[in-house]
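First up is the structure itself, then whatever we jot down about it.
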Amino acid sequence: MNVLNIALYEIKRSLRDTRTFVFMLAFPLILILILGTALSNAFSSEVTMDGMKLLYKVSAQNEPLQQYWNGFAQAIESQGVELTAANGGIDGRAAVADDQYAAYAEIDDNGVRFFGSSLRTIESNIIQGMLTSFADRYNLAAAAMKNSPEAVQAILADAGSSGSFIQEASIDPHRKPGSIDYYAIAESTMIAFYACMSASWLIRGEVRRRTALRLAAAPVGKMEIFAGKVIGCTVINYLCILAVVLFSKYAFGANWGDHLGIVFLLLFTVVLLAVSFGLGIAYMIKGDSANSVMTIFVQIASMLGGAYFPIQDDMNNFFGSLANLSPLRWANDALMNLIYNNDLQAALPVIGLNVAIAAAFLAFVAVSMRRREAF
Amino acid sequence: MNVLEIRNLTKKFGDFIAVDNMNLSVREGEIFGFLGANGAGKSTTINMISSLLRITKGEISLLGKNIVKENKFAKLNIGIVPQDLAIYEEMSAYENVSFFAGLYGLRGNLLKERAAEALEFVGLGDKHKDLPKNFSGGMKRRLNIACAIAHRPKLIIMDEPTVGIDPQSRNYILNSVRKLNEMGSSIIYTSHYMEEVEELCTRIAIVDHGKIIAEGTKEQLKSIITDTKEIWIGVKNEERLDIDALQRISGVISVQPEEQTVKIVSRGEVGNLNWIIQQLIKDGVEIGSVEEQAPNLETVFLTLTGRKLRD
Amino acid sequence: MDLWIIGNKLGLLVYIILSVSILPKTGTPWDILAYLIYLCVNVTIPIFRNDARIQQLLSACSAVLVVYFAYRLDTSFVLLLPVNLYELVLLWEGRRRIALAISLIPLVMIPREELPVYILSTFLSFLLYTGLRLQMERLKRVDEERETLRLEMQNLSHLLNKNQEYIRQSEYTIKLEERNRLSQQIHDEVGHAMAGALIQMEASRTLLAANPDKSAELLGNAISISKEGLERIRLTLKDMKPRSEELGIHRLRLFADELSAKHALKATVTHEGNLDVITPMQWRIIHENATEAVTNSLKYGHASAIEIEVRVLNRMIRSSVSDNGIGARKIVKGLGIVGMEERAASVGGTVIVDGAHGFRVTTLLPNDKSE
């Protein structure tokens, strides 16, 4: 009962604090808007994918190969690749270098020779992937020809059916986050993590305001006060996040995927982690330096987590491994996987990890609070 | 019965002994004054009474029950008005009082009633919806008191409740303390302001370096220093003084006429100034000035501890 | 001891993180979770310093976890096992050989390629553990020795105090005996002499008319007996009356003069009020406390002046010793202060020690003049 009362009072008090509101609501929304529109070009999904132009030249004499290539060409044309057969006079490589085509492929009896454009890396990569799978499949067919010719037909027929070359979800143009989508996720997790700032004030604020004295003198257990305040703080911060998520979804049209339940659960654990982390730091570091430590940590974690600009996945250097230490990074990766790959499995370890760390911090604070006189 | 009984109370912070083997009792219905310089151990003692600090040694009992063993009972029956303002500035006066009263188990209508009553009591009844950040210093102090009394504690501890406020608010607070006392609460009152303690308290303890060095009513405390008072009377025509007659007045110990003045040493507890002046008038002595020098608590404190209450 | 074990664990953990997650870049979030869990459990161990059972439980927990991680995630985790095992043995206060033995058990289960590293880390951990163990035992022994020495010293000083008290008491009794003897002497000798003189004078009066000569002779006898008696009274009294410097304020003055002479400081004595109400017992306490306070001032105060003040108030006697030295921000109660307090408490008084502006020791004693 007391726990509930304290939590409610805490929520009411936070609601009165307009500054918190501006900070927790307006700040992320504005960031989403500004960063989302200003940096939209930095996102590959905005590159027009209809310009996948492939120049090719078939000099193969092999009958099945030619037949097979034609099937393949038809299939990828239906996927939006523009194929142009090179006339004898055209220097394919020069055309690609001039940015007329995304790639140039020469098909002869020995195989496929591929020249990708260094200007249109994304397109040329996609085409390269398709050609690779084409070559693989043809090799398979060629090998089968020697052993069991009747299987060839099935393999080649399969090759002609559309879509089987490009199963990779990552090159599905519709399943890649736009800048608004990206920043909606990144800012939401960042603001969720900002909960640690208000959490660090939970107990210290009471001490500073001297109200801790009243609380300690009241016939209420320390743990009740502690629980009430943690619940209150978590709830109010969580409400802010919900508002940000819903607003970005409906007002900005950000993509939050089809599993909103899990998204919210994940964000909840991030808030919980942030609250317990803030409390823990405030208990470990005495005085006001806790605040500066927290601010610095939050900023670094936000940056590494990709709140201001996306961090590449393939960064294997020091910076990349550092980025993996940011709790925001885990959360963002999991959300991306969840929303764009429907990968529910990706969210579970992060949720577990967040809850585990939160529990560890809370236990630490609870234990050290019990030992301390007053607060 | 004693509301509060402190026996052999000791509090150590590391090597430092903040409260040193203190013995004290506060009787029912008393306003008990706690007098001491900063760092004398007043607040430490108060914090132990209100369970904010652990007791190193000794015991405290409230209404005959040990406050450590029956902690909830003790907490329910104590109201503490802290030295510093302990209120939520962004919550209204009523919300402040009802939140703290709620911690004492008051619910529903009773809670509303008591909170309103407490606010009314400190004269903030019409301001219950206002936010304390718009309050004056005195009003904040009064709210600080209201937060401690809504649950009607048996013992109210007031730690410097009148620091830094205007005289009007101070008078209001002093009167409220008396009223609370009349309504049946015993009160422990600490203050730097000697006059307040002298005016308000029925019994006083002087604390220094964690020890009680003297305890009693203010008369008892003053009589530690001296039993006598000196009355200096400025006279225009000292030749008309009847010294024998003055010396016969009850309580008078000696009469020493000097130039233009007469110094009369008298027993302190006898109120004989009227008689002395009547005698002088009867003798046709023209009185220029009357000055009475009796020790006050400040001098008691200074004489016993060798230091001023406010350094 | 905690720090060393934490260091040991940390070192191994860093090695594992490096070899599992960072260098081969194959680390999974599960690995990170495992590191964190391991950290959590092991950081909790030193927190419960006061409860060995919880520590054992946590350490055992950690050992089980490590084995589980090694089995599920990466065999490197097994490197953490020996430390936990040693910690357990340490907490149980088991034998060193047991520790070594149980840390060798996993050897049979570890893949061949991990063996050298495991043996190396086990060996180093074992060295660390053994060193710690030896140091701890030595420390404990030294502590115990110190404790017995302290007790012994306490007993001795107690005995010494008792003896001094006894000497003081006996001095007092000797004085009393002396006084008794003197009053006896006055009674016996002077009394007899006076009685003799009285008889002679009575006889002289009766013979005054009948035989004036005889009467004059008797009177002369009486006079000489009286003279002799008077002389004896004077002699006895001279012996009995204590020398003035042994008493009260004079004794304090003497003490102050000695101080000024012996040390480079100025000692003064002032007083106020009627000193006659101070009983000899109170004088003794005042004097002893003053001596103790001055000793303190000389030892710690760096003072150049000491003032001893005795004030007789209406209901209290206040004696204070203050110096102009550096004082102390926090007073730590030593035996000296406790002694002063005990002396004052024996007659219902208190002692305040203040170090804010130089040392000041104030002894407050009740003045029961009415009784």
Side-chain angles (χ1 to χ4, degrees), chain B residues 8 10-24 36-41 44 56-57 205-229 253 265 267-269 294-295 299-311, chain C residues 270-274 277 293 300 306-324 327-342 344-370:
Chain B
N8 305 328
T10 299
K11 175 71 193 177
K12 285 188 188 178
F13 295 108
D15 271 343
F16 177 65
I17 302 173
V19 173
D20 194 352
N21 208 18
M22 186 181 277
N23 286 287
L24 189 79
N38 279 335
T44 311
T56 309
K57 232 164 70 189
I206 295 181
V207 195
D208 197 33
H209 288 95
K211 295 176 186 170
I212 291 191
I213 57 175
E215 183 193 340
T217 63
K218 56 190 176 226
E219 287 78 22
Q220 285 170 337
L221 288 181
K222 286 174 190 170
S223 85
I224 288 174
I225 306 299
T226 176
D227 262 342
T228 61
K229 60 183 176 190
I253 295 165
V265 178
R267 297 236 308 279
E269 74 277 12
T299 44
V300 175
F301 189 83
L302 181 67
T303 317
L304 291 183
T305 65
R307 54 177 178 163
K308 287 213 176 87
L309 204 46
R310 268 168 288 180
D311 271 336
Chain C
T270 54
H271 63 90
E272 199 186 311
N274 178 15
V277 301
Y300 310 109
I306 290 179
E307 197 193 330
I308 304 172
E309 190 194 8
V310 180
R311 275 182 85 173
V312 179
L313 307 165
N314 192 37
R315 286 181 197 279
M316 270 192 185
I317 296 156
R318 173 178 188 270
S319 93
S320 70
V321 178
S322 39
D323 69 33
N324 63 348
R329 234 164 45 76
K330 271 189 182 173
I331 306 280
V332 176
K333 246 193 197 182
L335 281 174
I337 296 177
V338 172
M340 291 195 275
E341 280 178 344
E342 277 173 3
S346 69
V347 294
T350 42
V351 170
I352 313 168
V353 184
D354 181 59
H357 312 284
F359 278 114
R360 191 181 53 226
V361 179
T362 311
T363 309
L364 290 167
L365 303 174
N367 176 7
D368 306 319
K369 58 171 183 180
S370 46

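Please read these numbers as outputs of a predicted model, since none were measured by experiment. Throughout, a chain's letter reflects where its sequence line sits, starting with A, and its residues are numbered from 1.
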Measure across B:A214 and C:M316 and return the closest heavy-atom pair with its distance rounded to 0.1 Å. CB-CE, 4.4 Å
Pick one of side chain, backbone, both or neither for B:T303, based on which atoms fall under 4.5 Å of a heavy atom in chain C. both
Interface moiety of C:E309 toward chain B, non-hydrogen atoms closer than 4.5 Å: neither
Calculate, to the nearest 0.5 Å, the distance between atoms OG1 and CG belonging to B:T226 and C:N314 respectively. 5.5 Å
Is B:D20 in contact with chain C via its backbone, its side chain, both, or neither, using a 4.5 Å heavy-atom distance? side chain
B:I225 CD1 to C:R318 CZ distance, which is reported to the nearest 0.5 Å: 9.0 Å
C:I352 versus B:L304: any side-chain heavy-atom pair under 4.5 Å? no
In terms of heavy-atom pairs under 4.5 Å with chain C, the winner among B:D208, B:T228, B:I213 is B:I213
Please check this pair: side chain of C:R360 against backbone of B:T305, looking for a donor-acceptor N/O pair closer than 3.5 Å. yes
Heavy-atom contact with chain B under 4.5 Å, split by part of C:V312: neither
Quick one: what part of C:S320 sits under 4.5 Å from any heavy atom of chain B, side chain, backbone, both or neither? neither
